[in-house]
Undergrad: 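Okay, here's the structure, questions in a sec.
Proteins get letters first, then strands, A, B, ... in listed order; numbering begins at 1 in each. Computation of the quantities below employed the complete heavy-atom set of this structure, encompassing side-chain atoms and omitting hydrogens, waters and symmetry-equivalent molecules.
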Amino acid sequence: MNPGSDELVITLNGARRDATVDRRKLLVEALREDFETTGPKVGCATGDCGACTVLMDGEIRKSCLELAVAANGSVITTLEGISDGQLTPLQEAFWDEYAFQCGFCLSGMLFSAQDLIDRVPNPTDLEIRSAISGNLCRCTGYDTIVNAIRRAAPGSSATTRHRPSIEESEDGKSASPSS
Amino acid sequence: MISASFRYETPSSAAEAAGLLNAGAQVMGGGTWVVPALNHGVRQPKVIIDLRRAGLGGIERDGDTVRVGATCTYADVLTSSLVATELPLLKTMALGVTGGRQILNQGTIGGSVAAARPSSDAPAVVVALGGRVVVLGPDGGRIVDADTFFVGPERTVLGSNEIVVALEFSSARGLHVGYSKLKHGASSWPIVTAAAVLRDADAAGGPAVAVTLGGIAGAPLSVDLGDCLVDGQVEENRARTAIAEQVDLIEAPWSDVIASAEYRRAVAPVVGVRAVRMAAGSTAGDPA
Amino acid sequence: MSLEADLARPAQPASAYVGDRQRKHNGNSFLTGEVMYTADLTLPNLAHVAILRSPHAHAHVRRMDTRAAESMPGVVGVLTGAQAAAISDPIPFLLDPAGLGGKNAPVRCLAGDEVVYAGQPVAAVLADTPADAAAAARAIDVDYEVLPAVLDIKTALAADAALVYPDWGDNVMLAGAFGPDDFETQAATADHVLEGELRIQRSTPSPMETRAYIADWDQRRSALTWYGTTQNPHPQRFVLAKALRIPEHSIRVIAPPAGGAFGLKMHGHPEETLVAVLSRQFGRPVKWVESRAECLLQGGREQLQRFRVAYDNDGRVRAFYDEFTADHGAMAAGAGWGMAFVGANSFPSGYDIQHCRVEYKIVVTNKPPSVGMKPFGKDSAVVVLERAMDLVAEATGLDPAEVRRRNFVAADLFPYTAASGMVLDSGSYHSVLENALTMIDYDRRRTDQQVARLAGRAIGIGIGFEMLAEGADVPASFVTAYDSATVRVDPSGHVTVLTGATSPGGGNDTAFAQIVADRVGVGPADVEVVQGDTALCPYGTGNLSSRGLVVGGGAVALAADDIGEKLRAIAAGMLQVGRGEIELRDGFATASGDPSKALPLAVVANAAYTLGYVFAPDIEPALESTRAFKMPNVRQVPDDQGRYSMYTTFSNAVYVSVIELCTETGVVEVIDHAIVHDCGTQVNPLFVEGQVRGGVVMGIGAAIGETIVYDSTGHLSSDSFKQYLLRRAIDLPSLAVGHEVTPSPFSNLGAKGVGESGYAAAEASLMGAVNDALNPLGARVDDFPLSAERLLRSIQAARS
């Protein structure tokens with residue numbers, strides 16, 4: 001084995017996986033290239049955009065800030081491992097509320113969102129906005145993401161799938177439809 | 001991607017880590033600054049010493065001292081009931097760290113202290129709490145008062161063969177604390193931070209109030225506001241003036257792409273007084 | 001029944017899906033990680049590129065030694081500018097300033113002897129891994145002779161300025177004007193004249209996905225397959241063909257789903273050609289992924305605006321004069337300079353000011369080239385006009401909303417020919433304004449503002465009205481107001497749409513599925529949409545100028561109607577009823593008079609292929625139609641005043657912001673905001689709102705905090721998201737969104753472009769709101785960004 005490589009053994013999306021990985025790689029690169037899970041994205045490589053967020057040993061982490069070699073023995077979940085044959089309530093809510101457009105930030109957002117509603121079953125809008133403030137989105141302007149998370153939170157009362165006709169503002173006022 | 005290869009070490013004790021240090025080595029706590037620096041070729045160390053398995057992650061009490069291990073993450077600080085009761089200012093600081101929950105899970109307080117960035121939260125708070133930095137080198141350990149640990153921007157008294165193993169604090173339980181920081185939106189790192197600590201007149205040592213500013217000089221700047229106390233209350237105009245005077249004396253004021261030195265100078269008294277106001281308005285032992 | 005009645009085309013189908021808030025097409029593929037973006041793709045034997053970029057803003061390349069690099073581990077080869085020039089041609093311009101009487105300079109995939117900006121590609125290394133390529137790039141030894149650089153407009157226009165391109169004789173790429181040159185005459189009869197100026201900083205589109213390209217040269221066939229983040233696959237193919245000196249038909253361009261574009265990914269970037277040259281030269285498939293720092297090199301919008309307004313006491317503007325200078329950076333083969341042209345052409349926004357004169361100048365400097373970014377220069381006209389309206393309000397004592405009311409193009413004046421020659425199609429600006437003011441509860445806000453001021457709080461309210469020209473057709477370019485689509489139903493009844501329009505995230509594929517569903521009678525989930533592949537899709541110009549839905553969807557509608565007609569003909573024959581009686585809905589062809597007469601569409605489709613002679617012998621076989629839709633309202637032959645009209649749809653919006661300004665720190669907080677938007681018929685209101693929301697947040701960012709910063713030597717200082725500060729969720733309150741629908745009289749869907757909406761209105765509104773907050777303090781600002789530092793300085797200056 002190349003002295004600049006390591007054998008990495010991880011549990012990835014529930015399966016034991018191993019690969020020989022160039023030691024220079026970031027965890028996000030190893031996941032995408034050596035382990036072929038392209039769900040986590042590289043958006044900045046400085047830990048700012050959150051597109052590389054994964055679940056690692058029970059907590060969400062930005063995988064561009066981890067060396068691949070440091071992840072040996074870890075239990076990791078990527079986007080590909082979130083749904084188990086069926087979309088989660090959070091994923092359905094994201095779809096219903098149009099919480100993703102180009103989809104590039106989606107993986108990271110889902111992890112940050114799920115982490116919040118796992119810890120805080122009935123989050124306030126401020127808590128929701130704070131929880132996704134480690135993730136950048138350039139398409140949606142965030143409101144629909146907030147709506148999706150609010151709906152998917154276990155403590156939320158909005159459990160049925162519905163199609164709101166006009167976006168509701170934060171304090172419940174309806175925007176007036178015109179025309 | 002990182003383009004130069006390196007040896008990767010995960011020492012299982014602080015002593016082992018210290019023994020590995022040399023000029024070509026880079027120590028890593030959570031890696032939130034070190035890894036991007038490697039990725040952009042800013043640093044190309046021959047050896048990376050990852051402290052995550054060196055047993056430096058605990059938070060414990062030792063008599064009247066609270067000891068926070070260097071590799072404690074901000075999340076560890078947030079979930080610690082010991083920190084909540086004895087060092088609430090530290091908890092408040094951890095809550096507001098830029099970068100989302102992910103960074104709270106990954107960033108370490110020892111790493112932030114060792115990196116000594118004017119744009120970080122931890123250094124000024126550690127100084128404000130009168131913290132002590134526990135350092136270990138191959139020749140043994142030493143303890144450095146935080147207010148002498150930080151020398152300038154990204155410069156501390158750490159030798160190239162020394163690591164930070166822990167931070168020690170006396171309990172701040174009996175103190176009023178306040179924390180305020182100015183950012184330009186959630187994306188921005190802190191521009192000016194202020195950690196205020198206020199001791200009641202009837203507490204041991206008598207009344208005292210001080211605010212420690214980050215982001216204004218290369219190292220945290222402490223301003224004693226004792227002279228601003230009027231009948232046990234901080235007179236805010238006096239406090240603003242006192243802070244401004246100290247800021248004016250800085251020889252190498254800090255600036256970066258986000259905010260100039262003039263701006264920091266202008267807002268430092270404002271942010272400082274906000275922190276003091278919070279401390280004055282809080283109950284002793286409450287978080288800021 | 002007569003044959004004519006049988007063949008009569010039915011009216012617009014009853015909309016089951018168009019107008020509905022359908023979920024994103026194939027959303028599950030995104031949610032499960034199935035979707036592959038360009039950087040996710042890999043090919044066998046792939047090699048990776050690292051680009052060596054100039055460290056100097058202006059320099060002569062004396063010597064380049066690549067020997068050390070070539071012998072480093074994993075290196076496949078190194079390409080210098082000189083070598084690239086021998087085997088490739090300059091990159092064709094997306095828009096050529098020489099076409100308007102301006103100047104250009106050739107742009108190649110690698111710099112030659114001269115480098116004109118820090119960051120310009122000078123050499124490329126191909127290696128087995130990205131890390132090996134990066135290491136080797138650092139080992140290339142280049143000897144530069146550093147030359148004086150011009151880094152701002154003033155320096156570039158000085159009499160003794162160093163020249164970016166010596167053979168130009170000056171640093172002016174293009175200058176021009178729109179409108180009658182009669183401001184002085186008009187001003188002489190107006191009650192007053194006021195002056196103003198605005199400086200706008202450089203910002204950047206910064207989609208979350210950076211650019212990425214993969215080139216796969218097939219030696220045996222001398223053919224290229226090129227994958228990449230391009231907004232315009234077919235024009236991209238043309239560009240690559242010319243640069244590589246190969247026939248266009250030997251190139252296949254594939255644009256995988258993209259992670260946002262916002263103008264950044266329009267063609268013309270050196271790296272697009274570079275990967276193809278490398279693949280052909282070294283015989284390996286080649287991949288390049290842009291770093292975020294490289295992505296932040298691309299920017300634009302930097303300009304200096306000066307304006308004069310002649311107005312009467314009643315707030316009515318009689319004449320408008322604007323002159324502006326744009327700092328383009330170095331020359332590019334992309335669309336960046338077009339923004340200044342379009343910006344000038346967009347005055348006076350949606351205001352009825354016939355005497356409007358705009359003079360513009362585009363200057364080159366030794367900074368990275370401008371790249372197209374939404375809303376492509378139209379923001380210039382908007383922010384200037386909105387500032388002007390606010391200044392008129394201040395001067396006359398009228399409410400800013402009232403000034404706008406008195407100057408809007410009234411609803412009964414459409415189609416309205418503006419001074420620039422643009423013909424605005426339709427609009428209900430007054431109604432949009434009233435609704436926006438109602439949504440934000442404007443009168444109460446003004447009262448609250450007075451109360452707050454007494455308590456020492458600086459609250460500001462700003463109105464931003466944007467009129468956005470979309471759907472351009474620029475002569476002699478691939479910016480077109482037409483696009484093509486194929487709709488195909490196979491014998492099993494499955495529907496496929498192939499379109500020349502692309503969607504880098506905005507979701508027009510969902511809209512196309514809805515359009516087809518209504519016209520062919522299937523559900524949107526049963527429609528497959530294929531985009532972005534030049535081998536499969538009919539000719540189109542992709543995504544730009546907010547026209548994907550309008551003309552792409554227009555073509556889809558035409559082709560789907562053809563299919564519907566054929567299905568109706570076959571079904572009518574099978575059901576023995578008149579063709580005009582057949583309804584296509586919910587997967588069935590049903591006789592409207594007798595619902596018991598119904599056939600599954602799959603059966604009808606099969607019959608179209610196998611029983612055509614029996615049921616509809618007059619119908620051309622195969623359920624496939626390729627159609628192009630072209631907007632009719634383009635004038636490329638000048639009118640009697642020498643004016644052109646290139647734009648075909650005109651959306652508009654009013655955005656109102658309520659801000660609080662901290663007078664001690666200069667920090668601005670948006671405490672509430674609302675927008676009412678009109679893009680005509682909405683095929684999918686959920687998607688329309690999504691575009692508007694995203695545009696607003698981007699515009700707020702540009703107004704308050706996003707600044708591309710260069711140091712005194714022309715190096716990028718803001719090279720990460722720690723310095724280029726995008727808005728995050730916690731920064732803003734939720735946005736109330738309302739809509740007006742004033743259809744386009746010219747698009748067959750009645751729709752207008754929405755892809756660039758929200759940005760300009762938000763940016764303008766914030767300038768107004770901040771000045772509204774500063775006014776009582778005797779302070780004002782005329783520069784973007786509205787940074788805390790700038791605002792605090794303005795407050796301090798007013799105090800002293």
Undergrad: If you check every heavy atom in residues 18-27 of chain B against those of chain A, which residues fall under 4.5 Å?
TA: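 Near chain A, by residue number: none.
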Undergrad: Can you say whether A:E29 sits under 4.5 Å from chain B via the side chain, the backbone, both, or neither, judging by heavy atoms?
TA: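 Contact with chain B involves the side chain of A:E29 alone.
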Undergrad: Heavy-atom distances under 4.5 Å only: say whether A:D48 touches chain B with side chain, backbone, both or neither.
TA: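 No part of A:D48 comes within 4.5 Å of chain B.
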Undergrad: For the side chain of A:T37 and the backbone of A:G39, is there at least one donor-acceptor N/O pair under 3.5 Å apart?
TA: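 No, A:T37 side chain to A:G39 backbone: no donor-acceptor pair under 3.5 Å.
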Undergrad: Testing A:V69, A:N72, A:D18 one by one against A:E7 for a side chain to side chain contact (heavy atoms under 4.5 Å, CB included), which residue passes?
TA: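 That would be A:D18.
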Undergrad: Checking A:L26 against chain B: side chain, backbone, both or neither under 4.5 Å from a heavy atom?
TA: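 When you check distances to chain B, only side chain atoms of A:L26 fall under 4.5 Å.
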Undergrad: Given 3.5 Å as the limit, does a donor-acceptor pair link the side chain of A:K62 with the main chain of B:G99, or not?
TA: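 Yes; at least one donor-acceptor contact below 3.5 Å.
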Undergrad: With a 4.5 angstrom heavy-atom cut-off, which part of B:T10 approaches chain A: side chain, backbone, both or neither?
TA: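 It is neither, since no heavy atom gets under 4.5 Å.
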Undergrad: Tell me which of these, B:S187, B:A4, B:A186, has more heavy-atom pairs under 4.5 Å with chain A than the rest.
TA: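 Highest number of pairs under 4.5 Å: B:A4.
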Undergrad: Any sub-3.5 Å donor-acceptor pair from A:E80's side-chain atoms to A:T38's backbone N or O?
TA: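 A pair under 3.5 Å: yes.
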Undergrad: Is B:Y179 reaching over with its side chain to a backbone N or O of B:A196, donor-acceptor style, under 3.5 angstrom?
TA: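 Checked: no pair found.
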Undergrad: Can a side-chain donor-acceptor contact be found between B:Q106 and A:E66 if the only test is distance below 3.5 angstrom?
TA: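 Yes, side-chain donor-acceptor contact under 3.5 Å.
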Undergrad: Just checking B:K91: does its NZ atom have more than 12 heavy atoms from other residues, nucleotides or ligands closer to it than 6.0 angstrom?
TA: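 Counting neighbours around NZ of B:K91, 12 or fewer heavy atoms of other residues, nucleotides or ligands fall under 6.0 Å, so no.
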Undergrad: Answer yes or no: is there a donor N or O on one side and an acceptor on the other, between the side chain of B:T92 and the main chain of B:P88, under 3.5 Å?
TA: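 Judged by distance alone, yes, a pair lies under 3.5 Å.
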Undergrad: Between B:R264 and B:G215, is there a donor-acceptor pair closer than 3.5 Å when you use the side chain of the first and the backbone of the second?
TA: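 A pair under 3.5 Å: yes.
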Undergrad: Which bit of B:N105 is near chain A, if near means a heavy-atom gap under 4.5 Å: side chain, backbone, both or neither?
TA: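 For B:N105, heavy atoms of backbone and side chain both lie under 4.5 Å from chain A.
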Undergrad: Of the backbone (N, CA, C, O) and the side chain (C-beta and beyond), which part of B:I48 lies under 4.5 Å from a heavy atom of chain A, both, or neither?
TA: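 Only the side chain of B:I48 comes within 4.5 Å of chain A.
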Undergrad: When heavy-atom pairs shorter than 4.5 Å are enumerated against chain A, which of B:A37, B:A75, B:S3, B:G30 gives the highest number?
TA: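 Sorted descending by pairs with chain A, the first entry is B:S3.
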Undergrad: Just give me the residue among A:T46, A:L67, A:T53 that pairs up with chain B most often, heavy atom to heavy atom, under 4.5 Å.
TA: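 That would be A:L67.
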Undergrad: Just by distance, do the side chain of B:S80 and the backbone of B:L82 share a donor-acceptor pair under 3.5 Å?
TA: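 Yes: the side chain of B:S80 pairs with the backbone of B:L82.
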Undergrad: Which one wins on heavy-atom pair count under 4.5 Å against chain B: A:A70, A:S133, A:G108, A:S112?
TA: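 Between A:A70, A:S133, A:G108, A:S112, the count favours A:A70.
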Undergrad: Considering only NZ, NE, NH1 and NH2 on the basic side and carboxylate oxygens on the acidic side, decide whether A:R129 and A:E127 come within less than 4.0 Å.
TA: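 Between A:E127 and A:R129 there is no salt bridge, as every charged N stays at least 4.0 Å from the carboxylate O atoms.
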